[in-house]
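First comes the structure, then the notes that go with it.
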Amino acid sequence: MHNPPAKSKIRLLLLADNKANRLACKHTLSQHQDCAFVIFEAETGCQGLKMARTHQPDCILLGQHLPDMQGAEFLSELAEYSPERTLPVVMLSGPYNRAAQESQTGSYLIKLSDNQVMNGLSTEILWAMREQQAIQAKSNALDKLRESEAKYRNLVQQLPVITYIASLESPGKLLYVSPQISQLGYPAEDWLKNPDELRKRVYRDDLAIMMEAYAHTYEHHAPLRCEYRLVGNNGKIRWFLDEANVVRDETGKSLFLQGVLVDITKDKESEQELFYYRRRLEELVVQRTQQLEKQCEILKSANNNLDNMLLELKKSNSELRRSETRFRLLLESVGEGII
């Protein structure tokens, strides 16, 4: 045996000065198949305001004329009395208007004529609650979106780079640029108003490289990466690395170009300084090599001279020994003594 599903409970504040009307409404709501209405009753607007605060109802069923105030006055008082909540309100009198509108108090208002109170009252209450929930969900989503956007904006503004969003339909047109662009001495508004602002600020020797890179990205919707110099308002030239990607939607359609401009002036200066020292070191190595080669030539020449001297000395020694031998033989062959 299956238990019937539990009915959804809806806390309802029934605010009307006519007891018979309240009884009729309670009887009608009790007939609803899917919802169980927990009803709190009040006769005056002051009672209704207090009960709205203490009982926290999900919806208010409101008579247009109350002993101490009109229905519109009650809505205004309710907005001030309980500003943290926005409740759906169903009016029990007045001309029928099926179109839902948000009142100045923030409450959702649906008006019903007297002869339609008994017909579809539960449906109208549920419809009002769903509409109010949809409005509240939309409001919450917008609040979260604003909060997320504020966090993203704060994060972007704290980064040591220039972030931008560019249109893919109008080349060069910026849709957004972060405040860091002011480091070049130009207000962000100038970059957003003039599509040629970026091209105008590129150093003339780098303009062709920059234009070629952008043309390729806009034609093929490919990632962008290039380095070029920008001229500041004070005439100072700074190097930037421009990197961007095409942002697409769920279907793959290209939406816009999102990128960053990174100041790489110090890196370029370090690179140039390193290049200078490398070139200077190469020059010193060449000079030292030439000096060593000259010294080697001198040593080779000295070594050759020494070799020649040794050869001459060897020749002289050989001649001397031969001469000594001849004189010895001559003396030995002589029969007389020589003193």
Side-chain angles (χ1 to χ4, degrees), residues 136-275:
Q136 189 63 39
K138 182 178 179 181
S139 177
N140 293 338
L142 289 175
D143 291 340
K144 290 182 179 179
L145 181 62
R146 294 189 189 99
E147 181 180 358
S148 177
E149 182 181 356
K151 290 181 179 179
Y152 174 76
R153 187 180 297 275
N154 290 334
L155 176 62
V156 165
Q157 292 178 359
Q158 292 175 6
L159 293 175
V161 298
I162 301 170
T163 58
Y164 67 87
I165 297 175
S167 170
L168 289 173
E169 298 177 357
S170 302
K173 179 176 177 56
L174 294 178
L175 304 176
Y176 167 79
V177 64
S178 63
Q180 290 90 329
I181 196 69
S182 60
Q183 64 183 270
L184 291 170
Y186 306 100
E189 293 76 13
D190 292 352
W191 298 82
L192 297 176
K193 289 188 297 185
N194 188 0
D196 294 331
E197 191 70 18
L198 178 62
R199 183 180 59 81
K200 287 167 54 179
R201 305 306 173 192
V202 177
Y203 187 61
R204 59 181 181 275
D205 293 347
D206 302 334
L207 183 59
I209 297 175
M210 176 264 193
M211 294 295 292
E212 182 180 355
Y214 266 82
H216 177 77
T217 296
Y218 273 88
E219 181 179 357
H220 303 285
H221 288 186
L224 171 71
R225 180 183 173 86
C226 61
E227 296 178 0
Y228 52 84
R229 285 164 285 187
L230 291 174
V231 183
N233 194 26
N234 57 359
K236 188 175 180 180
I237 299 174
R238 304 188 67 84
W239 275 97
F240 283 89
L241 169 63
D242 192 348
E243 283 190 307
N245 287 295
V246 175
V247 178
R248 308 175 189 273
D249 60 13
E250 296 81 0
T251 63
K253 180 182 177 182
S254 300
L255 300 177
F256 49 81
L257 186 68
Q258 187 176 44
V260 293
L261 284 169
V262 184
D263 191 335
I264 57 172
T265 304
K266 291 184 178 179
D267 295 338
K268 284 293 183 179
E269 291 174 351
S270 300
E271 183 180 336
Q272 291 177 356
E273 185 177 357
L274 182 61
F275 174 76

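Scope of the values below: all heavy atoms of this structure, side chains included, with no hydrogens, waters or symmetry mates. This is a predicted model, so every value here is computed, not measured.
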Least distance between heavy atoms, [X] atom then [Y] atom:
X: Leu255; Y: Leu168; answer: C-CD1, 4.0 Å
X: Gly185; Y: Asn233; answer: O-ND2, 3.5 Å
X: Trp191; Y: Pro187; answer: CD1-O, 3.2 Å
X: Pro179; Y: Tyr176; answer: CD-OH, 4.2 Å
X: Ala244; Y: Tyr164; answer: CB-OH, 3.3 Å

Could you work out, with ring pair (Phe, Tyr, Trp, His ring centres under 6.0 Å) as the rule, every residue matching His221, not counting sequence neighbours? none
Which residues pass the salt bridge (Lys or Arg N to Asp or Glu O under 4.0 Å) test with [X], sequence neighbours left out?
X: Asp196; value: Arg199
X: Glu243; value: Arg225
X: Asp263; value: Arg238

Can you find a heavy atom in the side chain of [X] that is under 4.5 Å from one in the side chain of [Y]?
X: Tyr186; Y: Ile181; value: no
X: Val202; Y: Phe240; value: no
X: Leu198; Y: Leu230; value: yes

Quick one, Ile209 with Tyr228, criterion side chain to side chain contact (heavy atoms under 4.5 Å, CB included). Give me CA distance, side-chain angles, the key distance, then yes/no. CA-CA 8 Å; Ile209 297 175; Tyr228 52 84; over 6 Å; no
Residues which pass side-chain contact (heavy atoms from CB on, under 4.5 Å) with [X], listed by chain and number, not counting sequence neighbours:
X: Ala222; result: His216, His220
X: Pro223; result: Asn245
X: Ser182; result: none
X: Ile264; result: Glu227, Trp239, Leu241, Val262, Asp267, Lys268

If you count heavy atoms of other groups shown closer than 6.0 angstrom to NZ of Lys200, is the number above 12? yes
Which residues share a side chain to side chain donor-acceptor pair (under 3.5 Å) with Tyr218, sequence neighbours left out: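 With neighbours one apart ignored, the set is empty.
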[atom1] of [X] to [atom2] of [Y]: how many Å apart, nearest 0.5 Å?
X: Leu224; Y: Met210; atom1: CG; atom2: CE; value: 8.5 Å
X: Arg229; Y: Asp206; atom1: CZ; atom2: CG; value: 4.0 Å
X: Thr217; Y: Glu212; atom1: OG1; atom2: CD; value: 10.5 Å
X: Leu184; Y: Leu261; atom1: CG; atom2: CG; value: 8.5 Å
X: Ile237; Y: Thr265; atom1: CD1; atom2: OG1; value: 10.0 Å

Once salt bridge (charged side-chain N to carboxylate O under 4.0 Å, His left out) is applied, what residue pairs with a partner in residues 246-261 remain, sequence neighbours excluded?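 Matches after skipping sequence neighbours: none remain.
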Can you confirm whether the side chains of Ser167 and Glu169 place a donor and an acceptor under 3.5 Å from each other?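 Per modelled atom types, Ser167 and Glu169 side chains form no pair under 3.5 Å.
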Exam field: side chain Gln183 to backbone Gln180, donor-acceptor pair closer than 3.5 Å: yes
